[in-house]
Amino acid sequence: MLLVIEERAIRKNRKKAIKQLSNTIELFDIKLKRDYSGLKIEAYVSTPPTYPRKDTAWTNFEVQFLEEFGVPLFETNEKVFD
């Protein structure tokens, strides 16, 4: 039973984070008039190391986000800048 509750909490937290990213992208679209010339657009959800990585639920979020916004979505707590 505890595992089911944890899975629901993880899913809920991910959805909330993705909604925040979606709102941010929509605001940037308005403010920048969708002109992202010269910018590499990525979206990151930072989660604790205890969260499962690359499970089916996350893959569905990645695909849906990319289809809706044309922006790749990543789940990690690190970002390496080139």
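Sequential numbering from 1 along the given sequence is applied to the chain's residues.
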| task | Return the orientation label for the Trp58 and Phe61 ring planes: parallel under 30°, perpendicular over 60°, tilted otherwise. | result |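 Correct class here is perpendicular.
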pair [X]-[Y]: side-chain heavy atoms closer than 4.5 Å:
{"X": "Phe65", "Y": "Ser22", "answer": "yes"}
{"X": "Leu66", "Y": "Leu73", "answer": "no"}
{"X": "Phe69", "Y": "Leu21", "answer": "no"}
{"X": "Asn77", "Y": "Pro48", "answer": "no"}
{"X": "Thr59", "Y": "Glu62", "answer": "yes"}

| field | Other residues, nucleotides, ligands: >12 heavy atoms within 6.0 Å of Tyr36 OH | value |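 Above 12, so yes.
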| query | Can you tell me if CD on Glu26 sees more than 12 non-hydrogen neighbours from other groups inside 6.0 Å? | reply |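 Enclosed.
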Going hydrophobic residue to hydrophobic residue with side-chain gaps under 4.5 angstrom, can you get from [X] over to [Y]?
{"X": "Leu39", "Y": "Val71", "answer": "yes"}
{"X": "Ile25", "Y": "Ile18", "answer": "yes"}
{"X": "Val63", "Y": "Ile41", "answer": "no"}

| Pairing residues for Tyr44 by the side-chain hydrogen bond (donor to acceptor under 3.5 Å, both in side chains) criterion, not counting sequence neighbours |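 If we apply the side-chain hydrogen bond (donor to acceptor under 3.5 Å, both in side chains) test to Tyr44, skipping adjacent residues, the hits are Glu42, Lys79.
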| request: Look up atom CZ in Arg14 and atom CG in Asn60, then write down how far apart they are to the nearest 0.5 Å. | output: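 If we round to the nearest 0.5 Å, Arg14:CZ and Asn60:CG are 10.5 Å apart.
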| query | Once you round to the nearest 0.5 Å, how far does NZ of Lys15 lie from NZ of Lys12? | reply |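 Answer rounded to 0.5 Å: 10.5 Å.
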